[in-house]
Amino acid sequence: MSDSSTGILPRRAEAKLAELVREEAVVAMHGPRSVGKSTVLRRFADLHGVGVIDLDDLVVRDAVMASPSAITMGAKPICVDEYQYVPQVLDAIKAMLNREGVHPGVAVLTGSTRQDAVPRTAQALTGRIHSFAILPLSQGEIEGSYEDLLPSLRADPVAAVGAHPASSATRFDYAARIAAGGFPLALQRSGTSRNRWFDDFVRNSIDRDAAELARVGQRQSLAQLLALLAAQSAQVLNIARLTSALQHERKTVESYLRLLEDLFLVFRLPAWGKTLNSRTTGSPKVHMIDSGLAARLLRIGPEKLASLDSSTLTEFGHLLETFVVGELLKQVSWLDEQVTVGHWRTSDGDEVDLVLEFDDGVVLAFEVKAG
């Protein structure tokens, strides 16, 4: 049933969170800023009759920094939004678990950076915290339909293909979805208003979030790197080309790239192979976390993207691949089991855009063609 305030179904992450808190002591939801983590957390807190400790609020943040252990004194589960601002809360929760014992449903946290990007999290709550990602809205969440493609393909590929008929969407329909992306606040806008939102999102990510997470010598270079990565989205990562374009040392470019990954703006899709050696020696592909963000960084709107102009044909193919890979990885994030993800490429140029390998050895492979 749709949420009347947004017209969007409750996030699939809500059901996953409800399951995890019945088994895990601490659950952490990580994902990009403005992706809907706070909404999921507040809905969860309302269902359990507890409040949310919002560390994005400077007054609350200062109070918690002064006395992190105070968060453990209230009702359970403890709900903390943007915990990376005061990572000492993890030590406070750990101390409480040491005193009172480990049991399910103690705390739920959200963070807009990868867990291992905050040094203190490397030690705190080891073995007592389960993390999962919240990515931008999927097409099913936007449309209000339940997506089960991956479980269906795994159970019976032939039947699944028959149950999912070919789409009747036009080229412009695809272009419009690609350019819109899946950020909830961007989807509530259109045209120049949506473009302005993406521009502000990038500016805040670089000027605020990146600066708070790490010392960045040249923020302009970080913004330029993000734009260059948008132009490389769905392609094999070429650090040498990025280094040349930015005229920085390789180690600086690599550190900036890791920072953009830590902020969930881009991700590397590793090479996949049938042996560990082939996986570790292959080059990763780079993808933007959201196709709409990538399109805006490239300054390509849906009309231009849908055209057959030779200058945008290549971009359409790359953005379509990023869009499809993103949609599939959203469905992966809802699964109960861990899945190895990657892309497959031979020295002769044969490739598969996305490979999903399950623990029992089942492999699903996807190739995306703009034609």
Side-chain angles (χ1 to χ4, degrees), residues 2-3 5-9 11-12 31-36 39 134-149 164-202 205 226-227 229-235 264-267 286-331 333 353-354 366-371:
S2 292
D3 181 338
S5 66
T6 63
I8 297 172
L9 281 181
R11 300 296 301 269
R12 293 286 293 269
R33 180 173 291 281
S34 299
V35 81
T39 300
I134 295 186
L135 299 173
L137 289 166
S138 73
Q139 296 304 298
E141 288 176 313
I142 295 169
E143 296 289 331
S145 61
Y146 186 88
E147 297 157 294
D148 63 349
L149 177 63
H164 293 81
S167 172
S168 60
T170 66
R171 184 183 182 87
F172 182 81
D173 291 335
Y174 279 108
R177 289 173 184 265
I178 289 169
F183 281 102
L185 294 177
L187 287 166
Q188 295 174 15
R189 301 175 177 226
S190 61
T192 56
S193 178
R194 178 180 292 165
N195 291 340
R196 187 166 55 248
W197 186 90
F198 277 123
D199 293 344
D200 290 341
F201 175 82
V202 171
S205 297
L226 184 60
L229 290 169
Q232 276 197 27
S233 196
Q235 301 173 62
F264 291 98
L265 297 175
V266 302
F267 66 93
V286 63
H287 283 279
M288 298 296 296
I289 197 69
D290 181 74
S291 62
L293 175 60
R296 178 55 188 160
L297 286 166
L298 294 173
R299 297 300 189 262
I300 300 177
E303 293 80 8
K304 184 177 180 180
L305 192 60
S307 72
L308 297 178
D309 189 300
S310 59
S311 64
T312 57
L313 287 176
T314 299
E315 284 80 1
F316 180 82
H318 291 153
L319 289 174
L320 179 65
E321 182 179 333
T322 286
F323 172 78
V324 174
V325 168
E327 290 299 307
L328 290 168
L329 292 184
K330 290 166 191 175
Q331 295 196 37
S333 73
D353 295 321
L354 181 66
F366 300 86
E367 176 66 11
V368 183
K369 292 297 184 184

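Computed from heavy atoms alone, side chains included, the values below leave out hydrogens, waters and symmetry copies.
Although no hydrogens or angles enter the test, the distance criterion places no donor-acceptor pair under 3.5 Å between the side chain of R194 and the main chain of G292. For S233 (side chain) and A230 (main-chain N/O), no donor-acceptor pair under 3.5 Å exists by modelled atom type.
Taking the six-membered ring where tryptophan is involved, the planes of F198 and F183 are perpendicular, since the angle between them exceeds 60° and thus also 30°.
Taking the charged nitrogens against the carboxylate oxygens, D199 and R299 do have a contact shorter than 4.0 Å, which makes a salt bridge.
How far CZ of F267 is from CG of L135: 8.0 Å, rounded to the nearest 0.5 Å. Rounding to the nearest 0.5 Å gives a distance of 7.5 Å between CD of Q331 and CG of D148. Interatomic distance, CG of L187 versus CD of E141, reported as 11.0 Å (0.5 Å rounding).
The shortest side-chain heavy-atom distance between F316 and I178 falls under the 4.5 Å cut-off. Within the 4.5 Å cutoff, side-chain heavy atoms of V202 are placed close to those of L293. Contact check for R189 versus L185: no side-chain heavy atoms found under the 4.5 Å cut-off.
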L226 vs M288, side chain to side chain contact (heavy atoms under 4.5 Å, CB included): CA-CA, chis, key distance, verdict = CA-CA 9 Å; L226 184 60; M288 298 296 296; 3.7 Å; yes
Worked check of side chain to side chain donor-acceptor pair (under 3.5 Å) between N195 and T192 | CA-CA 5 Å; N195 291 340; T192 56; over 6 Å; no
